[in-house]
Amino acid sequence: MQALAACLPDARVERWQQDSPAADYAVGWAVPPALFTHQPRLKAFFCAGAGVDDLLASRAVPPTLPIVRVEDAGMGEQMADYCSAAVLHWFTQGWRYAQQQARAQWRELPLQQRSDWPVGIFGLGVLGRAVAARLASLGFPVHGCTRSDLASGAQELGRFLQSSRVLVLLAPLTPLTRGLFDARRLAQLPRGAFLINVSRGALVAEDALLEALQSGQVAAAALDVFEQEPLGSDHPYWRHPAVRVTPHVAAYTVIEPAARQLALRIQALEAGASAESLPGRVSRQQGY
Ligand code: GLV
């Protein structure tokens, strides 16, 4: 809040309460639905996170209210760190040496070639591109799947999966992506593939992933997001030797860049720009 106030010295920036005066703009993440009923004059809502699935699912959000989400705001670098750490952990056999260490087992594993580790990034938005650039700079063959690839048919997705030894999920949760990675899709990955999910848990059918881990179709997974969060303490992921669980922390919104970006957007709107023209403008039709 202070960072935004510092970027907008002429504006009144305050924490929302039920009796706050009517504002022109609101900024938030996981905001209470009451904000929207108590703020009928909003010209736009700025989402402080990357994903807007919860916001779009909320009946409290007026259907015509423009929604604008932050873009990158420090998250691209963190996503790139998270995903490259996971890829390198598997590529350098770190995960298998950890399993061997647990058994006090001294056994050399074969050297890996980067060319045998193609990484497929599902979702090439701002964050997907940051991850792709980092992994490419580390020497991994990287390819991506975009919304239009997905729209061009199941075959395109099948080809993408077949050539992804590591699959990174970085697409928004929309009607098109919900449950997309089910048993049939996971079976299209090369045998012994690796999965990183840093977008939304509901993209993956959890039972299908557990089965694929059991059968060896998926060798290991790094999961930051889950269908139910927090992940229940008895969920099998916690204790699965090939699953790394993190509590939805792959990327935090960094306050200063986010505030600078929001201030620019608000200034543009105040100067007469249309909400449609703003970067980060959410399309309700596309669902992100
Ligand atoms: C977090 O999950 C976000 O969407 O920013």
Side-chain angles (χ1 to χ4, degrees), residues 1 3-4 25-33 35-36 44-58 60-61 65-86 121-132 134 146-147 167-181 195-204 206 221-232 235 237 244-265 278-284 286-288:
M1 210 172 73
L4 188 59
Y25 303 103
V27 178
W29 174 252
V31 295
L35 178 138
F36 296 99
F45 178 80
F46 292 92
C47 175
V52 291
D53 42 297
D54 279 348
L55 208 53
L56 295 186
S58 163
V61 183
L65 177 67
I67 300 174
V68 182
R69 57 191 167 80
V70 290
E71 288 195 314
D72 196 322
M75 285 185 272
E77 190 178 28
Q78 297 168 66
M79 284 293 189
D81 288 344
Y82 186 100
C83 295
S84 48
I121 317 260
F122 182 76
L124 282 180
V126 173
L127 301 181
R129 292 199 300 273
V131 172
R134 175 76 68 80
T146 63
R147 205 181 107 83
L167 172 64
V168 179
L169 301 184
L170 246 170
L173 178 62
T174 69
L176 222 59
T177 61
R178 183 178 289 277
L180 185 64
F181 297 94
L195 174 72
I196 300 175
N197 191 0
V198 280
S199 56
R200 287 292 181 265
L203 265 68
V204 178
E206 287 192 348
L223 305 175
D224 187 53
V225 287
F226 306 90
E227 226 169 312
Q228 290 290 323
E229 294 182 6
L231 188 64
H235 197 289
Y237 285 155
R244 280 180 141 193
V245 170
T246 46
H248 202 140
V249 291
Y252 293 91
T253 302
V254 181
I255 302 293
E256 284 72 23
R260 280 196 298 275
Q261 198 182 97
L262 293 180
L264 284 176
R265 311 267 195 273
L278 293 186
R281 173 68 205 272
V282 171
S283 154
R284 280 182 165 74
Q286 295 182 353
Y288 65 94

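We count ligands from 1, going down the list as the structure has it; atoms in each ligand are counted the same way.
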From the list Leu180, Leu173, Thr174, side-chain contact (heavy atoms from CB on, under 4.5 Å) partner of Leu176 resolves to Thr174
- Any heavy atom of Arg200 sitting closer than 4.0 Å to ligand 1? yes
In this structure, atom 2 (O) of ligand 1 is nearest to the protein heavy atom His248 NE2, 2.6 Å
Do other residues, nucleotides or ligands put more than 12 heavy atoms under 6.0 Å from Glu71 CD?
-> yes
Closest to atom 3 (C) of ligand 1 among protein heavy atoms sits Ala50 N, 3.3 Å
Near Gly49 (heavy-atom distance under 4.0 Å), the atoms of ligand 1 are 5 (O)
query = Looking only at N/O atoms, are Trp29 and ligand 1 under 3.5 Å apart anywhere?
reply = no
Parallel, tilted or perpendicular, as decided by the 30° and 60° cut-offs, for the rings of Phe46 and Tyr25
tilted
Between Gln261 and Ala73, the two heavy atoms sitting closest are NE2-N, 4.3 Å
Quick note on ligand 1: atoms under 4.0 Å from a heavy atom of Gly51 include exactly 3 (C), 4 (O), 5 (O)
Do Glu206 and His235 meet the criterion of a side-chain donor-acceptor pair at a distance under 3.5 Å?
yes
